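Worth knowing before you read on, the calculation uses all heavy atoms, side chains too, and leaves out hydrogens, waters and symmetry mates. Below, read A as the first sequence line, B as the second, and so on, with proteins coming before strands; counting in each chain starts at 1. For clarity, every value in this text was computed on a predicted model and none was experimentally measured.
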2 protein chains.
Amino acid sequence: MPARHPSAKAPATATRGVRRAPSLPAPLAEADDLNRRGDIVRAAARLFREKGFEGTTVRDIAGAVGMQSGSPFYHFGSKVEMLVAVMEEGLRQGLETTRAVLARELPPRECLRALVEAHLRTIHGPGSDFIPVLLYDWRSLPEPEQRRIVAWRDRYDVAWQSALEALRADGLLAVEPKLARLFILGAINFTALWYRRGGALSLAEVAEAAVDLFVPQRAAAAR
Amino acid sequence: MPARHPSAKAPATATRGVRRAPSLPAPLAEADDLNRRGDIVRAAARLFREKGFEGTTVRDIAGAVGMQSGSPFYHFGSKVEMLVAVMEEGLRQGLETTRAVLARELPPRECLRALVEAHLRTIHGPGSDFIPVLLYDWRSLPEPEQRRIVAWRDRYDVAWQSALEALRADGLLAVEPKLARLFILGAINFTALWYRRGGALSLAEVAEAAVDLFVPQRAAAAR
DNA sequence: CCTACCGATCGGTAGG
DNA sequence: CCTACCGATCGGTAGG
């Protein structure tokens with residue numbers, strides 16, 4: 001039987017460093033393992049974004065972190081589990097920054113601008129390949145794993161929904177919040193295919209323009 | 001040397017049924033060949049959309065049209081050539097319908113509504129898998145082929161640009177036409193990930209809502 | 001367009 | 001986490 005990292009086959013949150021006797025400090029080996037796992041997830045995210053899930057081989061990922069071809073399977077039970085880890089990390093990051101924006105309790109239009117900019121940063125910021133993978137490799141995820149990710153994504157949508165409902169209540173949104181959310185997130189997600197950092201536009205400027213288009217300033221000023 | 005369809009390796013438009021002596025009628029075999037080629041392109045489009053270019057095998061495509069695994073290479077020099085054919089067909093269809101809308105010379109806001117609805121139909125209409133493949137398998141296209149497709153896509157963008165400039169000239173567009181085009185097309189393209197035919201909304205309703213969001217009716221009525 | 005096939009590569013595993 | 005490997009599958013081709 002091959003030696004296996006204890007969390008490789010189990011649902012990640014259930015066993016990762018938990019059932020251990022609480023009085024013992026987490027051994028260094030465990031921390032190192034988690035670092036290596038994180039290295040794999042980051043490398044996989046970059047490669048999946050660049051070449052797609054099906055176009056990336058486990059050997060590509062192993063090579064990117066200096067491992068031999070079979071070694072990633074010490075940390076993950078399958079290639080699909082690596083994809084799940086990438087998508088969950090993207091949603092975790094995105095949900096965290098989204099909730100941080102909402103916590104600032106900005107006026108509705110300013111809140112939308114901040115949400116749009118935050119979402120742009122989860123797509124174009126440094127080391128942010130996770131959400132693009134979620135968007136472009138969704139079809140490579142088998143159905144059971146899709147359900148797991150959808151549960152995460154729903155929480156992301158709820159956060160946006162609340163901001164859009166506030167805009168709508170102030171008469172600043174021309175269509176119902178659910179449709180508006182799909183259109184606005186779609187417009188932002190699509191920037192993955194055309195926006196390049198270091199070009200003529202900063203992310204803040206793109207966010208500003210998007211909000212100008214969706215919530216005309218005249219209507220906002222008139223309220 | 002294997003028997004090969006004459007157009008399999010050549011740039012498609014250069015040799016497809018052209019250099020033949022003009023007095024002879026096109027032989028039936030030629031017409032049949034083109035039908036079979038079209039069958040392959042349609043099947044490839046459907047499979048690429050469903051499973052991605054890298055996730056689809058040439059055997060899948062062959063099986064879908066009742067051929068043996070090596071037979072598609074009688075019509076195409078490589079798998080990438082099939083991808084190019086799918087994307088070109090999408091752009092050809094899209095450009096045709098877009099230009100037909102522009103030819104109606106509608107007032108700017110109505111023109112945008114018609115363009116949006118036409119684009120929605122090239123994504124969600126019957127047998128329209130070509131544009132989604134263009135959007136989601138772009139990265140699978142090698143650089144030389146990308147340049148060929150970009151030339152097509154530019155013409156598509158020019159058509160949209162003219163409609164948006166008319167809107168802008170009438171003061172109905174809050175941001176400059178180029179950015180507006182990217183945002184609007186992004187919002188529409190993203191419907192590929194959430195819109196389902198036979199659901200609560202018709203394509204015409206989705207188009208109406210999108211235009212309401214981008215070009216508020218109040219501003220349009222006030223002009 | 002079929003038959004028959006090839007070399008390369010893939011995800012994954014046994015054993016240490 | 002490495003070594004060594006396996007069975008399956010892949011895009012593509014020779015020859016007819």
Side-chain angles (χ1 to χ4, degrees), chain A residues 1-10 27-41 43-44 47-48 51-86 137 140-142 145, chain B residues 1-10 27-41 43-44 47-48 51-86 137 140-142 145:
Chain A
M1 202 198 316
R4 268 284 154 80
H5 184 76
S7 76
K9 289 266 184 186
L28 262 186
E30 168 103 9
D32 283 353
D33 277 359
L34 286 175
N35 281 342
R36 292 306 272 159
R37 190 186 150 97
D39 291 343
I40 293 171
V41 174
L47 289 162
F48 290 163
K51 309 198 293 179
F53 175 76
E54 305 285 356
T56 301
T57 70
V58 173
R59 281 163 175 82
D60 291 335
I61 299 168
V65 296
M67 284 179 178
Q68 295 302 312
S69 69
S71 300
F73 293 105
Y74 172 74
H75 296 277
F76 293 89
S78 70
K79 192 186 172 190
V80 162
E81 278 188 19
M82 302 178 204
L83 181 62
V84 170
V86 168
D137 278 318
S140 295
L141 202 61
E145 287 78 8
Chain B
M1 202 201 314
R4 269 282 154 83
H5 185 76
S7 75
K9 288 267 185 186
L28 261 186
E30 169 104 8
D32 284 352
D33 278 358
L34 285 175
N35 282 341
R36 291 307 272 159
R37 189 186 152 98
D39 290 344
I40 292 171
V41 173
L47 289 162
F48 290 164
K51 310 200 290 178
F53 175 75
E54 305 284 356
T56 300
T57 69
V58 174
R59 282 162 175 82
D60 291 335
I61 299 168
V65 296
M67 284 179 179
Q68 295 302 312
S69 69
S71 300
F73 294 106
Y74 171 73
H75 297 278
F76 293 89
S78 69
K79 192 185 172 192
V80 163
E81 278 189 20
M82 301 178 204
L83 181 62
V84 170
V86 168
D137 279 317
S140 295
L141 202 63
E145 286 78 9

Which heavy atom of B:Ile40 sits nearest a heavy atom of B:Pro72, and at what distance?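 Result for this residue pair: CD1-CA, 4.2 Å.
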
When every non-hydrogen atom of A:Phe73 is compared with those of A:Ser78, the smallest separation belongs to CE2-CA, 3.9 Å

Determine whether A:Arg36 and A:Met67 satisfy the following criterion, side chain to side chain contact (heavy atoms under 4.5 Å, CB included), listing intermediate values before the conclusion. CA-CA 10 Å; A:Arg36 292 306 272 159; A:Met67 284 179 178; 3.7 Å; yes

Using whole Å, what does the distance between atom [atom2] of nucleotide [N] and atom [atom1] of [X] come to?
X: A:Phe48; N: C:dG11; atom1: CZ; atom2: C1'; result: 12 Å
X: A:Tyr74; N: C:dA14; atom1: OH; atom2: P; result: 16 Å
X: A:Met67; N: C:dT13; atom1: CE; atom2: P; result: 17 Å
X: B:Asn35; N: C:dC1; atom1: CG; atom2: C1'; result: 15 Å
X: A:Arg37; N: D:dC1; atom1: CZ; atom2: C1'; result: 16 Å
X: A:Phe73; N: C:dT13; atom1: CZ; atom2: C1'; result: 9 Å
X: B:Ile61; N: C:dC1; atom1: CD1; atom2: P; result: 14 Å

Would you list the pairs meeting salt bridge (Lys or Arg N to Asp or Glu O under 4.0 Å) in which at least one residue belongs to residues 65-74 of chain B, sequence neighbours left out? none

Applied to residues 52-78 of chain A, the salt bridge (Lys or Arg N to Asp or Glu O under 4.0 Å) test, sequence neighbours excluded, yields A:Lys51-A:Asp60

Selection from C:dC1, D:dG11, D:dC1 that lies nearest to any side-chain heavy atom of A:Ser71: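 Between C:dC1, D:dG11, D:dC1, the one nearest the side chain of A:Ser71 would be D:dC1.
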
Could you work out which one of C:dC1, D:dC2, D:dG12 sits closest to the side chain of B:Ser78? D:dG12

Can you list the steps and then say if A:Ser69 with A:Val58 is a side chain to side chain contact (heavy atoms under 4.5 Å, CB included)? CA-CA 7 Å; A:Ser69 69; A:Val58 173; over 6 Å; no

Presence of B:Gln68 side-chain N/O under 4.0 Å of C:dC1 phosphate oxygens OP1/OP2: no

Would you say that B:Val41 contacts B:Phe76 through its side chain, given a criterion of any heavy-atom pair below 4.5 Å between the two side chains? yes

Using nucleotides 5-10 of chain C, report all nitrogen or oxygen pairs with the protein that are shorter than 3.5 Å.
none

When you look at A:Met82 and A:Arg37, which way does the side chain to side chain contact (heavy atoms under 4.5 Å, CB included) test go after all the steps? CA-CA 10 Å; A:Met82 302 178 204; A:Arg37 190 186 150 97; over 6 Å; no

Using the criterion of both pairing distances under 3.5 Å for Watson-Crick and G-U wobble pairs, give all stems of 3 or more consecutive pairs involving DNA chain D.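 Runs of three or more consecutive pairs: C:1-16 with D:1-16.
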
What residues form a side-chain contact (heavy atoms from CB on, under 4.5 Å) with B:Glu145, not counting sequence neighbours?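 B:Val80, B:Val84, B:Leu141, B:Pro142.
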
